[in-house]
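Worksheet: one structure, shown below.
Because only heavy atoms are used, hydrogens play no part in the values below, and waters and symmetry mates are left out as well, while side chains stay in.
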Amino acid sequence: LRESLNLPQACSARFDAVMLVMGETTMSSRDAAGRQAPSAPFGHRSLIWSIVLPGVAAILLLLVALAIYLPGSIVAIEVRAARERAVAGAMRLVALRAFYSDTVIARLTQKAGGADKSGDALHLHDIPVPTTFLLDYTEKLTARGDNILLVSPYPWPQRQRREALDPFQSAAWTVLTKEQTPSFSAIEGEGPDAVLRVAVADRMTQSCVDCHNRHPESPIRSWKVGDVRGLIEIRQPLATVTREAREIGWQLAQGGLLAA
């Protein structure tokens with residue numbers, strides 16, 4: 001290269017020195033690259049940092065999110081299921097009372113000539129009236145652990161000893177009498193003291209109207225078919241439901257962590 005350029009003697013010496021330095025620099029760069037090569041798998045551009053570790057971090061974040069969200073979600077589902085079961089149970093009691101009134105009492109009333117003035121029983125075979133029948137039946141259920149109440153702001157005179165409606169029952173009465181909604185519910189208390197309260201309307205059928213509007217001791221004698229005569233309330237403590245739901249949620253989260 002020096003001969004092809006036809007450089008003077010002084011320039012040729014300088015040219016040789018420059019070329020020597022460039023050669024040494026190139027060799028040093030290659031040696032440095034060779035020495036750094038073994039640490040490449042742990043660099044910021046390696047497969048571990050770019051794919052594996054972000055994947056592991058994403059899985060861990062997902063499991064933490066599940067551990068936080070899952071228990072509360074299962075609790076909400078279980079509370080909703082408990083509410084639906086309570087509504088269904090109360091509606092069965094309403095249907096039972098209506099069946100007893102329309103099928104049993106209506107026929108016996110026609111034969112006996114009407115209810116007696118006590119409002120508790122018919123002359124014929126001393127048969128209880130529908131409200132007394134349902135109270136006796138729910139008393140049996142309460143003895144087994146169920147908490148069921150029959151309430152009304154218009155009790156018969158012999159039932160005046162009943163307590164006045166509490167705030168929940170008053171709110172349920174307002175909603176169920178003014179709106180055509182099937183049920184009213186609320187959760188009172190928190191944590192282990194939380195209680196689910198569900199109320200459904202007990203509406204007047206034709207046999208109810210015929211008896212209540214004719215009886216001399218009836219508190220109201222202007223009932224119409226479909227009017228709300230009373231409320232059937234079911235109370236269910238939520239301590240067991242929420243505890244079991246949270247345990248299921250934690251078990252699922254822990255299972256996911258072990259599987260990962």
In sequence, state the C-alpha distance, the side-chain angles, and the governing distance for V200 and M91, and then conclude on side chain to side chain contact (heavy atoms under 4.5 Å, CB included).
-> CA-CA 7 Å; V200 301; M91 294 302 295; 4.0 Å; yes

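- Taking CG from L93 and CG from L141, the interatomic distance works out to 6.5 Å, rounded to the nearest 0.5 Å.
- Sequence neighbours left out, the pairs with a member in residues 194-207 that pass side chain to side chain donor-acceptor pair (under 3.5 Å) are R97-D202, S101-S207, D102-T205, D102-S207, D166-R197, E188-R197, R197-E233, T205-S207, Q206-D210.
- Minimum heavy-atom separation, A86 to V198: CB-CG2, 3.8 Å.
- Residues passing the side-chain contact (heavy atoms from CB on, under 4.5 Å) test with D136, sequence neighbours excluded: T132, E139.
- Under the 30°/60° scheme for interplanar angles, the aromatic rings of W223 and H212 are found to stand perpendicular.
- To the nearest 0.5 Å, atoms OG1 (T177) and CD (E179) are separated by 9.0 Å.
- Around OH of Y137, the count of heavy atoms belonging to other residues, nucleotides or ligands within 6.0 Å does not exceed 12.
- Under the side-chain contact (heavy atoms from CB on, under 4.5 Å) rule, R235 has a single partner from V195, L196, I148, which is V195.
- The distance from atom OG of S170 to atom CG of L231, rounded to the nearest 0.5 Å, is 9.5 Å.
- When atom types are taken as modelled, the side chain of T138 and the backbone of L135 share a donor-acceptor pair closer than 3.5 angstrom.
- Here the CZ-CD1 distance, from R83 to I234, works out to 13.0 Å after rounding to the nearest 0.5 Å.
- Once rounded to the nearest 0.5 Å, the distance linking CG of L238 with CD1 of I187 reads 5.5 Å.
- The two atoms that bring P219 and P155 nearest to each other are CG-O, 3.6 Å, heavy atoms only.
- Considering CH2 of W173 and CZ of F184, their distance stands at 14.0 Å, rounded to 0.5 Å.
- Side-chain contact between M204 and V228: absent, with no pair of heavy atoms (C-beta onward) separated by less than 4.5 Å.
- Looking only at distances, a side-chain donor or acceptor of N213 sits under 3.5 Å from a matching main-chain atom of S222.
- Scanning both residues, A201 and V94, for their nearest heavy atoms gives O-CG2, 3.9 Å.
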